[in-house]
Every structure is written in C-alpha cells, then in structure tokens.
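A quick write-up on the structure given underneath.
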Amino acid sequence: ITPVEIPVSGTITSIRARTATGTVSVQFKRNGVALGTAISATTSGVSQTVSQSVVAGDLITVDTSSASGNGLTIAVEIN
C-alpha cells in the first residue's frame, strides 16, 4: 500500500481496519515506526487506540500479511 502523507499536525488516537471478505494482519507505521501492534482485520472491523504525535508531512504506511480475503479499508483518526 502506498504511503500516505499526513496533512496536519496532531495526535493519532485510533487506527482501524476492515475487510470485505476474509482476514488480514495489518501493521500501521509512522515514518517507519510501528503504531501499536499489528491488528487482525475482519469483515466486522477492528480498531486500536494509540497516542502518537504527528506533524504535517509525516508518512503513514500500512504493511499487510497473512491475507485470506480482499477489500481492505483503513482509517487513521487524528485529533
């Protein structure tokens, strides 16, 4: 998945992932450093509370593994 540039400074408070079918392990990273632990996304979705400061221009990447489905939707909440 292509890195996403954070447009504003703030604090990441939540990361979420959901699949259309099956499951996949998802690891969010900020500038190459893991945000929390890997989460196992399912069709009902899963979220993890985090507290990570970010500044405009930081890069968020998403690593996936152990995929047995498709249609991954992700969200990062910044306050």
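- Smallest separation of non-hydrogen atoms from T23 and S40: CB-OG, 4.5 Å.
- When all heavy atoms of V24 and A67 are compared, the closest pair comes out as CG2-CB, 3.7 Å.
- What you find for L35 and Q48 is that their closest heavy atoms are O-OE1, 3.5 Å.
- For the pair D63 and F28, the minimum side-chain heavy-atom distance is 4.5 Å or more.
- With sequence neighbours excluded, no residue forms a side chain to side chain donor-acceptor pair (under 3.5 Å) with R18.
- Among all heavy-atom pairs drawn from L72 and A17, the shortest one is CD1-CB, 4.2 Å.
- Minimum heavy-atom separation, A41 to V26: CB-CG2, 4.1 Å.
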Quick one: side chains of residues 2-15, donor-acceptor pairs under 3.5 Å with protein atoms, not counting sequence neighbours, listed by atom name and distance.
residue	atom	partner	partner atom	Å
S9	OG	A56	N	3.1
T13	OG1	N79	ND2	3.1
S14	OG	R16	NH1	3.3

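- Side-chain contact between K29 and I60 is absent, with no heavy atoms from C-beta onward closer than 4.5 Å.
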